[in-house]
2 protein chains.
Amino acid sequence: MMALNSEEVHYQRSLGGQVFEQIRENILNGRYKPGESLIELRLSEEIGVSRTPIREAIRQLELEGLVHVVPNKGAIVSGVSDKDVDDIYTIRMLVEGLAAQWAAQNITDRELEELEEILELEDFYTRKKDSSHILQIDSRFHQVIFAASKSKSLMHVLGTFHQYVRNARNTSLSYPDRAAEALKEHTAIYEAIRIRDSEKAGELMTDHIMKARASLNLRKQTRGDR
Amino acid sequence: MMALNSEEVHYQRSLGGQVFEQIRENILNGRYKPGESLIELRLSEEIGVSRTPIREAIRQLELEGLVHVVPNKGAIVSGVSDKDVDDIYTIRMLVEGLAAQWAAQNITDRELEELEEILELEDFYTRKKDSSHILQIDSRFHQVIFAASKSKSLMHVLGTFHQYVRNARNTSLSYPDRAAEALKEHTAIYEAIRIRDSEKAGELMTDHIMKARASLNLRKQTRGDR
DNA sequence: CTTTGTTCTATTGTATACAATCATACACAG
DNA sequence: CTGTGTATGATTGTATACAATAGAACAAAG
């Protein structure tokens, strides 16, 4: 399946990063399921590159903990379990609170404007109940705050965690009620950051994540997942 | 330099992980300095493997944020700055407190025994003022607590951070006074975990890291580093 | 002199070849 | 049957070959 059509081999450039993203995406959205083993040759045919970039991607996924590699045997998808998600929300309550604090202290005018724009868009999509865009804009809101904290370590760890719980956030934000509440909470956080009230910003952020998790757990119980 | 002596090529197995560790080590201990660019061919000759494992290692280091990769140009060492270290200590105060809490709730008897053994060794090396072994045993103490928390995410993020600030911890623990205090603090944390007082364990751990950082900053001011 | 274009070299990105390993299936002895 | 050894195939680990890119050095034109 999917053999090369052209006779000549066209060397393509700099696809390494994309290969990583693609496999990662397929793990996070559940196409590659936990327990499944990732065969390099199979992936290389599926994605259309040689084994070299595939291996580089798998090594990165190993470091992230999304796959488990047994030497000379191969890579097995670990994925993100429900418990992982729960743990991550707890950690986020602490660390993202810190991020908001630091953001209030270090944010630039440019970043403040960006947050304003984001909130306008979030309002727009929330009214439209466009949950896919809401998820995107929610990511951007948090990402800008991570960046505004001006801490490389914090940005890195929170960025990763945010991706890991993307599915969960999606579930939560699919509820128009929750999306509307999230918007209000975001606005309050923005306000606190704007007036440089770092303590308040931190508290509001911690609270925001606590509520997000509560809505998620409610959701799971309702649907009987687990 | 270091050309192959034997005529025959001996294929060696499963060195990938070691290559990663070696380059990582050289970044963390400062042999590869921030700003320096990592040439694949040079590293491959230096380490004695081909470019393939080197590339895999560099991609992993990129993900960890220890090097910055510009496509088609190469990898530049980022390293861990003084600010990074400071940020990490702040984050550790929060997250490692959580780890101690969870450890108190989830630790196994086997792990408790391990902590006891570690504390005995720590006492031994502290009396001998053997700072190199003190650093090692300190790492093990914290690592066991991470594992006892039974949280993959937490273990992962704290394990990484711990490595990043290894130099700083070494500086701090080189002072016999600080090492002796650290031992007392460790013992108190162990006690709280043993009697399953999770709140207390968390507080003690947060406090422990706060004091470790304070001693480090004192140290830096004294030496005039920065 | 400065600017522009061109060649050359160093290095990265990708593909592929081959060695080593692991698991399975199968044959055979007990 | 049951266990043990051996061959076979699938897959990973490593090395190497070649394409593409970036940058420097150099030459020519203005």
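Letters A, B, ... mirror the listed sequences (proteins, then strands); counts begin at 1.
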Residue [X], side-chain heavy atoms: nucleotide from [options] that is nearest:
X: B:I39; options: D:dT12, C:dT11, C:dT14; answer: C:dT11
X: B:R59; options: C:dT21, D:dA15, C:dG13; answer: C:dG13
X: A:V49; options: D:dA15, C:dA15, D:dT12; answer: C:dA15
X: B:S50; options: C:dG13, D:dT16, D:dA22; answer: D:dT16

Quick one: list whatever passes side-chain hydrogen bond (donor to acceptor under 3.5 Å, both in side chains) with B:R31, sequence neighbours left out.
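Per chain and number, B:R31 pairs via side-chain hydrogen bond (donor to acceptor under 3.5 Å, both in side chains) with B:N26, B:E46.
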
What residues form a side-chain hydrogen bond (donor to acceptor under 3.5 Å, both in side chains) with A:E62, not counting sequence neighbours?
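Here no residue qualifies.
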
Length of the [atom1]-[atom2] vector between [X] and [N], whole Å:
X: B:N72; N: D:dA20; atom1: CG; atom2: P; value: 12 Å
X: B:L41; N: D:dT21; atom1: CG; atom2: P; value: 21 Å
X: A:I47; N: C:dT14; atom1: CD1; atom2: P; value: 12 Å
X: B:E45; N: D:dT14; atom1: CD; atom2: P; value: 18 Å
X: A:R51; N: D:dA10; atom1: CZ; atom2: C1'; value: 11 Å
X: B:E40; N: C:dT14; atom1: CD; atom2: P; value: 11 Å
X: B:K73; N: C:dA10; atom1: NZ; atom2: P; value: 17 Å
X: B:R55; N: C:dA15; atom1: CZ; atom2: P; value: 11 Å

Electrostatic pair B:R51-A:E56, nearest N-O below 4.0 angstrom =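 The answer is no: the pair does not qualify as a salt bridge.
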
### Task
May I ask you to say what A:R42 touches in the nucleic acid, namely base, sugar-phosphate or nothing, with a heavy-atom cut-off under 4.0 Å?
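A:R42: no heavy atom of the nucleic acid under 4.0 Å.
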
Practice item. Answer with base, sugar-phosphate or nothing: what part of the nucleic acid does B:L38 contact at a heavy-atom distance below 4.0 Å? Key: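 Result for B:L38 = sugar-phosphate.
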
Which comes earlier along DNA chain D counting from the 5' end, the contact point of A:T52 or that of A:A75, where each point is its nearest nucleotide?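 Residue closer to the 5' terminus by nearest nucleotide: A:A75.
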
Next item on the list: Taking the six-membered ring for Trp and the single ring otherwise, decide whether the centroids of A:H133 and A:F124 are under 6.0 Å apart.
Entry: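 Here the rings of A:F124 and A:H133 have centres that are no less than 6.0 Å from each other.
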
query: Hey, what's the ring geometry for B:F141 with B:H186, parallel, tilted or perpendicular (30° and 60° as the breaks)?
result: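 Geometry flag for B:H186 against B:F141: parallel rings.
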
